[in-house]
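To start, the structure under review is shown below, and the notes come after it.
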Amino acid sequence: MTGKVYLIGAGPGDPGLMTIKGMDLLRKADIVMYDALANPELLKECKEGAELIDAGKRGGDHHLKQWETNELLVKYASEGKVVVRLKGGDPFLFGRGAEEAEELRKAGAEVHVVPGVSSSISVPELAGIPVTHRDHTSMVTFVTGHEKDDRTEDRLDWKKLVGGHGTLVILMGLGNAGNISKGLIEGGMDPKMPAAIICSGSTPKQRVELTVVENLERTIKEKALEPPGIMVVGTVASLRNTLGDLQ
């Protein structure tokens, strides 16, 4: 194969937070396969004639099945194309980037990764919530709140994530907030533990709601909060009252 595939992290949403290397490669690509969480403004940077393919998924709505995405990546690489797989945040953190890289390697394709600014740290940070702080916690745990579509029960034992795990940063968990709250409280977490919900972080549409762990689901419903969203559970969430917005 003479083509190349670049798995590129598009960052948390603000186009300015995409890396220089990622932007340079995006502008040279023959094919760009982009996810729903990649800011569409970035596609304006593609060169004239580049083929743009929507490979995103949101709320169970898949433009392409994962196996179709894998097959297309291999196909275009075999045709000698320069392919960019543009993914929100970082390609490997709770994404399918590693799986795509595996398929490309198996097929003998040349594949490279360009890390992205992860929403797990940057989105809380821009909302005035540091995920670690010497006066609060020296540890942070990143968790996905949404697992494989074919899994009816959480593989994560939320009860065991209480105590000794520091700040909890939960990605893709808005729809599972009730179950998450229940598990954390049953595991011994104080129901009044500070929490924050951040939607469309780093963009002009950013919304931030402070709450407590027992009210995560109710806050999401009452405030009509919608994905993409991140939940931060821990005393650091209260620092937003001091720091405010930092974007």
Side-chain angles (χ1 to χ4, degrees), residues 9-18 34-43 54-66 86-91 93-96 116-129 131 142-152 154 156 158 167-184 193-234 236-237 240-241 244-247:
D14 179 351
L17 293 176
M18 184 168 173
Y34 60 94
D35 275 355
L37 292 179
N39 193 321
E41 289 294 312
L42 292 171
L43 301 179
D54 185 351
K57 61 179 180 178
R58 182 170 290 169
D61 178 20
H62 297 240
H63 288 276
L64 289 176
K65 300 294 186 183
Q66 187 61 46
L86 191 63
K87 304 176 75 68
D90 178 83
L93 185 64
F94 301 138
R96 308 293 286 272
V117 175
S118 174
S119 59
S120 62
I121 295 175
S122 60
V123 165
E125 185 174 292
L126 293 170
I129 302 171
V131 296
F142 302 115
V143 186
T144 176
H146 172 78
E147 300 191 78
K148 285 186 175 181
D149 295 332
D150 60 359
R151 193 172 283 138
T152 57
D154 285 349
L156 283 169
W158 295 100
T167 304
L168 299 182
V169 179
I170 306 165
L171 286 72
M172 301 176 288
L174 267 63
N176 197 29
N179 188 47
I180 292 169
S181 291
K182 180 175 180 290
L184 293 175
M193 175 67 73
I197 305 161
I198 311 162
C199 296
S200 300
S202 84
T203 76
K205 295 181 179 180
Q206 175 174 292
R207 294 183 62 188
V208 184
E209 296 290 343
L210 293 182
T211 185
V212 294
V213 71
E214 68 177 349
N215 291 337
L216 282 171
E217 183 177 38
R218 184 165 68 183
T219 301
I220 291 167
K221 290 180 178 178
E222 289 182 351
K223 300 295 184 178
L225 300 176
E226 298 180 346
I230 289 177
M231 295 184 289
V232 182
V233 177
V236 291
R240 175 172 167 81
N241 291 322
D245 281 328
L246 293 175
Q247 59 176 332

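Computed from a prediction, not measured in an experiment: that's the story for all the values here.
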From CA spacing to verdict: side-chain contact (heavy atoms from CB on, under 4.5 Å), E125, L246: CA-CA 7 Å; E125 185 174 292; L246 293 175; 5.6 Å; no

Point-to-point distance, once rounded to the nearest 0.5 Å, from CG of D90 to OG of S120: 8.5 Å

Point-to-point distance, once rounded to the nearest 0.5 Å, from OG of S181 to CZ of R218: 10.5 Å

Qualifying residues under side chain to side chain donor-acceptor pair (under 3.5 Å), relative to R207, sequence neighbours excluded: none

Heavy-atom side-chain proximity of K182 to E217 below 4.5 angstrom: no

N/O donor-acceptor pair under 3.5 Å between D35 side chain and L37 backbone: no

Minimum side-chain heavy-atom gap D245-R240 below 4.5 Å: yes

Full working for side-chain contact (heavy atoms from CB on, under 4.5 Å) between L126 and L17: CA-CA 12 Å; L126 293 170; L17 293 176; 4.1 Å; yes

Result of checking N215, I198, T219 against E209 for side-chain contact (heavy atoms from CB on, under 4.5 Å): T219

Residue pair D14 / Q247, side-chain heavy-atom distance below 4.5 Å: no

Taking every non-hydrogen atom, the tightest pair across P91 and G9: CG-N, 3.4 Å

Non-hydrogen atoms of Y34 and D54 that approach each other most closely: OH-CB, 3.4 Å

Whether S118 side chain and G89 backbone form a donor-acceptor pair below 3.5 Å: no

Minimum-distance pair of heavy atoms, taken over all atoms of F142 and F94: O-CZ, 3.5 Å

Atom of V213, atom of A195 and distance for their closest heavy-atom approach: N-CB, 4.2 Å

For K223, side chain to side chain donor-acceptor pair (under 3.5 Å) partners two or more places apart: none

Separation of L210 CG from I129 CD1 (nearest 0.5 Å): 6.0 Å

Flag, side chain of N39 to backbone of G13, donor-acceptor distance under 3.5 Å: yes

Residue pair L216, I197: steps toward the side-chain contact (heavy atoms from CB on, under 4.5 Å) verdict: CA-CA 8 Å; L216 282 171; I197 305 161; 3.9 Å; yes

Separation of N176 CG from M231 CE (nearest 0.5 Å): 7.5 Å

Side chain to side chain, L184 and L168, heavy atoms closer than 4.5 Å: yes

CD1 on I170 to CH2 on W158, rounded to 0.5 Å: 4.5 Å

Straight-line distance of L171 CG to T144 OG1, nearest 0.5 Å: 7.0 Å

Heavy-atom check, side chain of C199 versus side chain of P227, under 4.5 Å: no

Intermediate values then yes/no, side-chain contact (heavy atoms from CB on, under 4.5 Å), M18 and L86: CA-CA 11 Å; M18 184 168 173; L86 191 63; 3.8 Å; yes

Shortest non-hydrogen contact from P12 toward V123: CB-CG2, 3.9 Å

